[in-house]
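Predicted model, so just to flag it, every value in this text is computed and none were measured.
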Amino acid sequence: MAAVITHLLLDIEGTTCPVSFVAEVLFPYARQRLGSYLQEHGDDPAIQALIQAVDQAWAADDTREAVDLRRQLQADEARLDANAVVPYLEWLIDHDIKLTALKDLQGRIWQAGYASGDLIAPLYADVPDALNRWHSQGLVLAVYSSGSVPAQQLLYGHSQAGDLRALFQHWFDTRSGLKQQAQSYHRIAESMGASPQHVLFVSDSLAELEAADTAGMTVLFSDRDGNPAHDPGRFERITNYSHLSLDNGILGT
């Protein structure tokens, strides 16, 4: 592969951080603390707004499980109670449904966990050196993850290699659009002031790579131990970022 690259856009889960950390550590950590967190912070206007957003999403969710959960509520007055929305939030987590309000709440709970030292992000061993190398070579580094921007920054701010946030210039989440839609990558490139053809996107998701490729970006399939998928399809794979280098704008693997 050879392409003139000025910007490197990175997914997180399965790309720079093991899937197991998100699935087996972060998600259960937030799930176990949802009720107590909402109870403790339920008087905060920002939390009240998030609870209302969850309640509205629940009311509009016509899946059988969501409807059954909602029927368990005894009165309309209970709908905005913090504890009342917890079963739906837990169901969203269990089914990996990426509701923006849930992502916000998870990020707030994780913030407390990182601050207390309960959580430390285990980036792949080659990632910290690679990020520093790419940054020193002049690449503009950016993150695009379904997790909220605050959650992304918490992860990179509390890694086993320390605080790496300063290496990144741009942060994007689903507010930029769904990761499986080409328009999202056009929007991100425009936001970074770059042409799509000068952006390399790395992800472990074929659907995301297809969308970025359609938008005109160069893409690489992240094939890491523990990832659920290992078939790169028509795309080139990468297993270790020590193999990924930049020389006068030419990116080689």
Side-chain angles (χ1 to χ4, degrees), residues 7-17 19 21-23 26-27 30-31 34 37-38 41 44-61 85 88-89 91-93 95-112 114 121 140-158 164-196 198-205 207-217 219 222:
H7 292 65
L8 180 52
L9 183 64
L10 297 166
D11 178 38
I12 294 180
E13 184 179 358
T15 300
T16 62
C17 180
V19 171
F21 178 63
V22 178
L26 287 184
F27 282 1
R31 192 186 192 283
L34 274 171
Y37 184 87
L38 291 177
H41 300 278
D44 184 332
I47 300 302
Q48 290 175 352
L50 290 173
I51 293 171
Q52 185 174 33
V54 172
D55 186 73
Q56 290 171 348
W58 193 1
D61 191 335
V85 300
Y88 183 59
L89 289 168
W91 180 78
L92 292 172
I93 291 173
H95 292 79
D96 195 23
I97 298 174
K98 306 180 190 304
L99 183 70
T100 299
L102 168 61
K103 292 297 181 183
D104 193 318
L105 286 168
Q106 286 175 318
R108 292 169 188 264
I109 295 172
W110 293 332
Q111 182 176 17
Y114 284 117
V140 175
L141 301 182
V143 179
Y144 184 26
S145 173
S146 58
S148 68
V149 166
Q152 298 170 20
Q153 294 173 339
L154 282 169
L155 187 147
Y156 280 111
H158 299 82
L164 304 177
R165 290 173 296 177
L167 299 176
F168 295 94
Q169 294 187 32
H170 302 278
W171 308 82
F172 302 99
D173 56 23
T174 52
R175 289 174 294 182
S176 296
L178 296 177
K179 298 183 74 180
Q180 299 79 20
Q181 296 180 350
Q183 184 57 39
S184 303
Y185 298 89
H186 283 293
R187 191 176 296 116
I188 285 172
E190 183 178 3
S191 179
M192 294 192 298
S195 297
H198 298 311
V199 180
L200 171 67
F201 176 56
V202 186
S203 171
D204 66 324
S205 167
E208 295 172 9
L209 296 181
E210 289 285 358
D213 179 70
T214 298
M217 292 185 180
V219 302
S222 175

Are Ile47 and Leu105 close enough, and set up right, to give a side-chain contact (heavy atoms from CB on, under 4.5 Å), and what steps lead you there? CA-CA 8 Å; Ile47 300 302; Leu105 286 168; 4.2 Å; yes
Assess the residue pair Tyr156 and Leu167 against the criterion (side-chain contact (heavy atoms from CB on, under 4.5 Å)); give the C-alpha distance rounded to whole Å, side-chain angles, the decisive distance to 0.1 Å, and a yes or no. CA-CA 10 Å; Tyr156 280 111; Leu167 299 176; over 6 Å; no
Met192 vs Ile188, test: side-chain contact (heavy atoms from CB on, under 4.5 Å). Steps then yes/no. CA-CA 6 Å; Met192 294 192 298; Ile188 285 172; 3.9 Å; yes
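The two residues Ile97 and Leu102 have their closest heavy-atom pair at O-CD2, 3.8 Å. Residues Val19 and Glu13 approach most closely at CG1-OE2, 3.4 Å, considering heavy atoms. When all heavy atoms are compared, the tightest approach of Leu26 to Trp110 is O-NE1, 2.8 Å. Summarising the geometry of Asp11 relative to Ser203, their closest heavy-atom pair is OD2-OG, 3.7 Å, with the distance given to 0.1 Å. Of all heavy-atom pairs spanning Ala212 and Phe201, the tightest one is CB-CD2, 3.6 Å. Closest approach of Val202 to Leu8, counting heavy atoms only: CG2-CD1, 4.0 Å.
The main-chain N or O of Tyr144 is found under 3.5 Å from a side-chain atom of Lys179 such that the two form a donor-acceptor pair. Looking at Gln106, its side chain never comes within 3.5 Å of a backbone N or O of Phe27 through a donor-acceptor pair.
By the 4.5 Å heavy-atom criterion applied to side chains, His170 and Leu9 are not counted as neighbours. Side-chain contact between Thr16 and Val143: absent, with no pair of heavy atoms (C-beta onward) separated by less than 4.5 Å.
Note that CG of Leu92 is 5.5 Å distant from CG of Leu99, once rounded to the nearest 0.5 Å. With rounding to the nearest 0.5 angstrom, the CG atom of Leu34 is 13.0 Å from the CZ atom of Arg108. Going from atom CG of Leu209 over to atom OG of Ser222 covers 9.0 Å, rounded to the nearest 0.5 Å. Rounding to the nearest 0.5 Å places CG of Leu200 at 9.5 Å from CE of Met217. With values rounded to the nearest 0.5 angstrom, Ser148 atom OG is found 6.5 Å from Asp173 atom CG. For the atom pair CG of Leu155 and CD1 of Ile12, the computed distance is 5.5 Å after rounding to the nearest 0.5 Å.
Tyr114 and His158 have parallel rings, their planes meeting at less than 30° on a 0 to 90° scale where 60° marks the start of perpendicular. Between Tyr37 and His41, the ring-plane angle classifies as tilted under the 30° and 60° cut-offs.
Legend: side chain to side chain donor-acceptor pair (under 3.5 Å) pairs involving residues 180-191, not counting sequence neighbours: none detected.
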